[in-house]
Protein chains: 2
Amino acid sequence: MVRTIERLPKRQRHQLLTGLIEDNPFITDQELTRQLKVSIQTVRLDRLELGIPELRERMKLMAERSYDAVRSLPLHEVIGDIVDLQLDHSGISIFEIKEEHVFSRTGIARGHHVFAQANSLAVAVINDEIALTATADIRFVRSVKLGEKCIAKAYVRSGGRSKAKVEVCSYVGDELVFQGHFVIYRSAGESGIEGGMDGADRN
Amino acid sequence: MVRTIERLPKRQRHQLLTGLIEDNPFITDQELTRQLKVSIQTVRLDRLELGIPELRERMKLMAERSYDAVRSLPLHEVIGDIVDLQLDHSGISIFEIKEEHVFSRTGIARGHHVFAQANSLAVAVINDEIALTATADIRFVRSVKLGEKCIAKAYVRSGGRSKAKVEVCSYVGDELVFQGHFVIYRSAGESGIEGGMDGADRN
DNA sequence: CAGCTATTATAACCAGGTACTAATAGTATA
DNA sequence: TATACTATTAGTACCTGGTTATAATAGCTG
């Protein structure tokens with residue numbers, strides 16, 4: 001072709017296209033045509049090759065994802081993935097420290113994420129419609145860093161009718177990184193509760 | 001009409017239609033036609049009257065909303081606006097409880113946000129390159145709800161060379177909602193520190 | 001009966017595609 | 001050099017899920 005040099009080779013165009021769609025999923029093929037300087041057919045063949053669905057499909061997926069996220073908020077309300085749960089007894093959750101959880105400067109996890117995991121678990125382990133954290137006594141034993149997997153283990157230490165004491169220990173590997181004693185109010189005694197914090201939903 | 005009695009009056013149909021779309025935004029007019037037992041034109045006139053956009057528009061709106069939510073996450077990293085700061089002495093921050101901070105079911109703020117505001121402030125008030133939370137003793141006095149503005153006040157109670165004790169009280173109006181005693185390590189004594197939590201970034 | 005609302009029908013048009021067929025340019029290979 | 005193959009472009013028919021406009025019909029009301 002005459003203008004071959006002016007345009008990108010296929011590989012690079014594919015990369016560019018992927019990038020363009022990634023940082024603006026609302027872009028049409030028409031727009032891509034303009035930005036990539038190729039025909040709309042080429043854009044479509046490229047999407048086909050790359051397995052990138054059409055605009056409407058992309059929007060639908062995003063919409064469904066957010067809709068599901070909203071619908072499954074109860075699950076979402078727990079920070080970390082619960083891998084074991086014995087109501088009123090114990091529970092385990094895993095939480096991976098990603099980019100968005102750390103201070104970029106130090107790579108150290110922001111404390112509230114570590115705290116949130118432990119707190120969520122403490123609340124989840126209580127077998128009640130609504131559970132609210134009343135007090136927490138916590139200790140950050142060592143800092144948790146980017147990429148580390150934080151495993152929180154919760155044990156219910158005493159379960160009164162309106163209060164429960166839950167102990168949570170979080171580990172990275174064998175190392176203890178966080179320890180907390182939570183007092184959780186349960187909905188059974190709700191009339192007397194003024195303080196409170198999280199609601200725990202179970203589906 | 002012959003079958004007037006079989007069908008709903010307009011008002012009720014509008015209510016039903018609104019409800020149907022609300023709990024399944026992905027429904028097409030075709031589907032609505034079947035469920036409402038009226039023609040597709042009627043469905044469309046109804047949507048027009050009610051100001052309900054077409055399926056694709058609804059999906060687009062949902063997709064955009066979720067996309068914006070993701071994009072604004074980085075901003076999220078600053079928990080509360082610091083409005084006053086006297087290093088090694090005291091500080092005040094304000095944090096407004098928005099949709100994304102509460103449990104949708106109850107409208108009660110997730111505890112880790114309230115905690116995060118207090119913790120951020122406790123860390124910020126310490127005049128050091130790196131400050132790390134070692135322990136925290138916290139109490140959620142009453143739940144904070146959607147729309148409320150949480151004002152956190154921090155006071156440095158004792159400041160050793162390597163440790164500082166910071167007390168944080170959070171209020172909504174005059175009401176105390178949260179109280180916490182934080183022990184913060186400062187970088188001056190970093191060699192001896194194993195525990196820790198947050199780095200304090202000051203912009 | 002006229003005038004009105006509610007409903008339905010019909011047709012043209014639109015965006016943003018898919019699916020398919022075909023033509024062309026350039027490159028590699030036997 | 002002829003042939004095969006890839007990459008690109010073009011064009012058409014068709015699809016979904018609508019909008020917009022125009023008209024016809026049913027049923028009620030004063």
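Naming: A, B, ... by sequence-line order, numbering from 1 per chain. Values reported hereafter were calculated over all heavy atoms of this structure, with side chains retained and with hydrogens, waters and symmetry mates removed.
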Asker: Describe, in one word, how the ring planes of A/H113 and A/F95 are oriented to each other, choosing from parallel (under 30°), tilted (30 to 60°) and perpendicular (over 60°).
Answerer: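 Plane angle between 30° and 60°, so tilted.
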
Asker: Have a look at A/L45 and say if it touches a base, only the backbone sugar-phosphate, or nothing, with a 4.0 Å heavy-atom cut-off.
Answerer: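 If one applies the 4.0 Å heavy-atom cut-off, A/L45 turns out to touch a base.
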
Asker: Show the atom names and distances, to 0.1 Å, of all donor-acceptor pairs under 3.5 Å that link a side chain in residues 144-153 of chain A to residues at least two apart or in another chain.
Answerer:
{"unit_1": "A/E148", "atom_1": "OE1", "unit_2": "A/R142", "atom_2": "NH1", "d": "3.3"}
{"unit_1": "A/E148", "atom_1": "OE1", "unit_2": "A/K145", "atom_2": "N", "d": "2.7"}
{"unit_1": "A/E148", "atom_1": "OE2", "unit_2": "A/R142", "atom_2": "NH2", "d": "3.4"}

Asker: Using the side-chain hydrogen bond (donor to acceptor under 3.5 Å, both in side chains) criterion, which residues pair with A/S170? Sequence neighbours excluded.
Answerer: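 Per chain and number, A/S170 pairs via side-chain hydrogen bond (donor to acceptor under 3.5 Å, both in side chains) with no residue.
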
Asker: Could you state the atom-to-atom distance from CD of A/Q12 to P of D/dA7 in whole Å?
Answerer: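 Roughly 15 Å, once rounded to whole Å.
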
Asker: State which residues pass side-chain hydrogen bond (donor to acceptor under 3.5 Å, both in side chains) with B/T28; sequence neighbours excluded, sorted by chain then number.
Answerer: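 Applying side-chain hydrogen bond (donor to acceptor under 3.5 Å, both in side chains) to B/T28 gives none.
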
Asker: For the pair made of CZ in B/F26 and C1' in D/dG17, what is the distance, rounded to whole Å?
Answerer: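 Going from B/F26 (CZ) to D/dG17 (C1'), I get 15 Å.
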
Asker: To the nearest Å, give me how far apart CZ (B/R13) and C1' (C/dT5) are.
Answerer: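 B/R13 atom CZ is separated from C/dT5 atom C1' by 12 Å.
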
Asker: Examine C/dT7: is either OP1 or OP2 under 4.0 Å from a nitrogen or oxygen in the side chain of B/S39? Give yes or no.
Answerer: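 Answer is no, no contact under 4.0 Å.
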
Asker: Specify the separation, in whole Å, of atom NZ of B/K37 and atom P of C/dT7.
Answerer: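 After rounding, the gap between these two atoms is 16 Å.
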
Asker: Please enumerate all residues that pass salt bridge (charged side-chain N to carboxylate O under 4.0 Å, His left out) together with A/D46, with sequence neighbours excluded.
Answerer: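 Scan of A/D46 (salt bridge (charged side-chain N to carboxylate O under 4.0 Å, His left out), adjacent residues dropped) gives A/R13.
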
Asker: Could you encode protein contacts along nucleotides 11-18 of chain C as a string, one character per nucleotide from 5' to 3', using B for base contact, S for sugar-phosphate-only contact and - for no contact, with a heavy-atom cut-off of under 4.0 Å?
Answerer: ----BBBB

Asker: A/R47: what forms a salt bridge (charged side-chain N to carboxylate O under 4.0 Å, His left out) with it, not counting sequence neighbours?
Answerer: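 A/R47 satisfies salt bridge (charged side-chain N to carboxylate O under 4.0 Å, His left out) with A/D29 only.
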
Asker: In this structure, how many angstroms lie between the P atom of D/dT6 and the CG atom of A/D46, rounded?
Answerer: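 Nearest whole value for this atom pair: 16 Å.
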
